[in-house]
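This one's a predicted model, so the numbers in the text were calculated from it and none came from an experiment. Chain identifiers are assigned alphabetically (A, B, ...) following the order of the sequence lines, protein sequences preceding nucleic acid strands; residue numbering begins at 1 within each chain.
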2 protein chains.
Amino acid sequence: MPQTSSKKKISRNTISRLSLYLRELTRLEQDGKKAISSSDLAELTDLTDTQVRKDLSHFGQFGISGTGYEVSKLKEAVRNILGKDKVLDVILIGAGNLGMALLSYPAFREQGFSIKAAFDIDTRKIGNKTSEIEICDIEKVQEFLKKDKVKIALLAVPAFSAQKITDTLVNCGIRCILNFAPIVLRVPDEVVVSNVDLSKELEVLSYFLRTAE
Amino acid sequence: MPQTSSKKKISRNTISRLSLYLRELTRLEQDGKKAISSSDLAELTDLTDTQVRKDLSHFGQFGISGTGYEVSKLKEAVRNILGKDKVLDVILIGAGNLGMALLSYPAFREQGFSIKAAFDIDTRKIGNKTSEIEICDIEKVQEFLKKDKVKIALLAVPAFSAQKITDTLVNCGIRCILNFAPIVLRVPDEVVVSNVDLSKELEVLSYFLRTAE
DNA sequence: AATTGTGAACCTCTTCACAGCT
DNA sequence: AGCTGTGAAGAGGTTCACAATT
């Protein structure tokens with residue numbers, strides 16, 4: 001099997017932390033900061049200096065001994081690692097309360113994500129327009145994905161219909177799903193799912209609230 | 001220091017998984033299922049049977065050798081562990097797009113969480129009512145928390161104001177924060193924060209999309 | 001003098017393997 | 001026979017400690 005570049009498998013936690021670094025580096029650059037040390041970056045992200053250096057070391061050597069990291073250079077490097085050097089196209093499935101909030105969430109565009117289309121099953125919603133995006137019939141998602149090779153889907157539908165739609169999406173070439181439905185999705189190995197589960201997060205808080213008493 | 005019960009510290013991941021178990025157990029109970037084995041529960045949550053048993057073993061012995069677990073009994077046990085035997089009161093800070101979506105998110109009430117009040121800084125929004133909740137001036141949150149001892153806050157405000165409001169909330173007795181702002185919040189040790197960071201999740205997907213190519 | 005990059009040590013979480021229970 | 005509960009082993013992730021670099 002031909003291996004393009006890095007052999008070692010990088011953990012999801014490492015990638016999550018890279019995302020935090022990118023956020024802080026972007027702020028630092030805007031604030032006109034030129035250089036930063038691993039310990040200062042750790043301070044900003046509530047991590048340790050070694051953790052920062054170890055994370056970065058998986059992808060190359062970006063620092064200067066005695067000086068630290070050049071902010072804009074490191075920012076670009078992390079952007080590239082995360083695949084954010086180009087705009088990422090996504091589609092939205094489900095135009096309920098949550099879906100509509102996602103549509104009008106300005107941070108998406110600012111962060112380099114572009115919602116190309118939105119779909120819903122509810123005929124009363126179809127045809128509505130928000131933030132330049134028209135809501136289309138879910139039946140047309142297959143047709144859409146045949147033309148437009150979007151790889152990422154935001155899934156904001158009720159739990160009971162999430163698996164069925166997921167199967168369709170995967171069949172049509174979707175490779176990444178950001179799932180808001182409170183259900184464990186079944187997907188082939190090559191498809192990546194991230195879950196945003198508000199109830200789960202609240203239950204975690206609830207547990208720690210109780211144990212702290 | 002008097003220790004109520006268990007000494008050992010339970011990891012956040014374990015608690016997250018308990019939340020998944022609770023979800024599936026609730027479904028199983030609704031479907032009329034009486035008993036379930038650790039391997040079947042593992043199948044439903046995409047985990048391993050040993051993981052399920054190990055997680056539960058931290059809190060006691062709930063199963064019957066040779067038979068498995070009684071669904072409704074285990075469900076109640078997990079509910080209690082997570083502190084969901086009583087309704088959990090929360091307040092909402094920030095009534096923008098996301099905040100409003102949270103207000104009208106029916107799953108909250110269904111899952112035993114109750115939004116007691118909502119606050120915003122924007123005078124145009126103050127006074128509006130959604131789902132029986134009136135949006136109040138953020139200036140009144142201190143006064144509110146003096147009377148109503150809510151311990152959990154949903155923080156859906158822009159990143160630039162998140163830390164300042166957090167400081168106020170913590171001073172007024174808030175102990176748990178579900179943070180939607182893309183920023184690492186500084187809080188005292190006794191305060192627990194969970195983060196919901198859409199950009200981070202998308203960046204993780206973006207990374208895995210790129211490496212899969 | 002300050003800071004990076006990294007092997008080794010350490011720690012935490014997951015999985016194995018099996019004794020013991022129903 | 002089937003399944004739980006758990007000590008021990010294994011895997012994975014984090015931190016330590018320091019040589020190397022500017």
What heavy-atom pair brings B:D120 and B:A95 nearest, and what distance separates the two atoms?
OD2-N, 2.5 Å

Start with the C-alpha gap between B:N80 and B:E76, add the side-chain angles, then the distance that decides, and say whether side chain to side chain donor-acceptor pair (under 3.5 Å) holds.
CA-CA 6 Å; B:N80 288 347; B:E76 280 311 308; 5.2 Å; no

Pull out every residue in residues 25-41 of chain A that has a heavy atom closer than 4.0 Å to any atom of DNA chain D, ordered by number, or say none.
none

Qualifying residue for side-chain contact (heavy atoms from CB on, under 4.5 Å) with B:V52, from B:D49, B:L56, B:D55
B:L56

Heavy-atom contact window of chain B on DNA chain D, given 5' to 3' at under 4.0 Å
D:dG2 to D:dA8

Between A:F62 and A:A77, the two heavy atoms sitting closest are CE2-CB, 3.6 Å

Give the rounded distance in Å between these two atoms: CD1 of B:I64 and C1' of C:dC21.
11 Å

When rounded to whole Å, the NZ to P distance for the pair B:K9 and C:dC11 reads 15 Å

Quick note, salt bridge (Lys or Arg N to Asp or Glu O under 4.0 Å) partners involving residues 93-118 of chain A, not counting sequence neighbours, are none

In whole angstrom, what separates B:D49's CG from C:dA17's P?
13 Å

How about A:E24 and A:I36: do any of their side-chain heavy atoms sit closer than 4.5 Å?
no

In whole angstrom, what separates B:R12's CZ from C:dT14's P?
15 Å

Contact check, residues 66-77 of chain B vs DNA chain D, heavy-atom distance under 4.0 Å, returns B:G66, B:T67, B:G68, B:Y69

Counterpart residues, side-chain contact (heavy atoms from CB on, under 4.5 Å), relative to A:I15 (two or more places apart)
A:I10, A:L18, A:F59, A:L82, B:V204, B:Y207, B:F208

Salt bridge (Lys or Arg N to Asp or Glu O under 4.0 Å) with A:R12: which residues, sequence neighbours excluded?
none

Check: A:L202 main-chain N/O paired with A:S206 side-chain donor or acceptor under 3.5 Å
no

Rounded to whole Å, please give me the gap between CZ in B:R53 and C1' in C:dT14.
13 Å

Distance in angstrom units between B:K54 NZ and C:dC16 P, rounded
13 Å

Scan B:T48 against the nucleic acid and name what it touches under 4.0 Å (heavy atoms): base, sugar-phosphate only, or nothing.
sugar-phosphate

Measure the distance from CG on B:D55 to C1' on C:dC13 and round it to the nearest whole Å.
10 Å

Indicate yes or no for a side-chain donor-acceptor contact from B:T168 to the backbone of B:K164 under 3.5 Å, with no hydrogens or angles considered.
yes

C:dT15 OP1/OP2 closer than 4.0 Å to side-chain N/O of B:Q51
yes

Separation between CZ of B:R79 and OG of B:S72, rounded to the nearest 0.5 Å:
12.0 Å

What contact category does A:R17 fall into here, base, sugar-phosphate, or nothing, at under 4.0 angstrom with non-hydrogen atoms?
sugar-phosphate

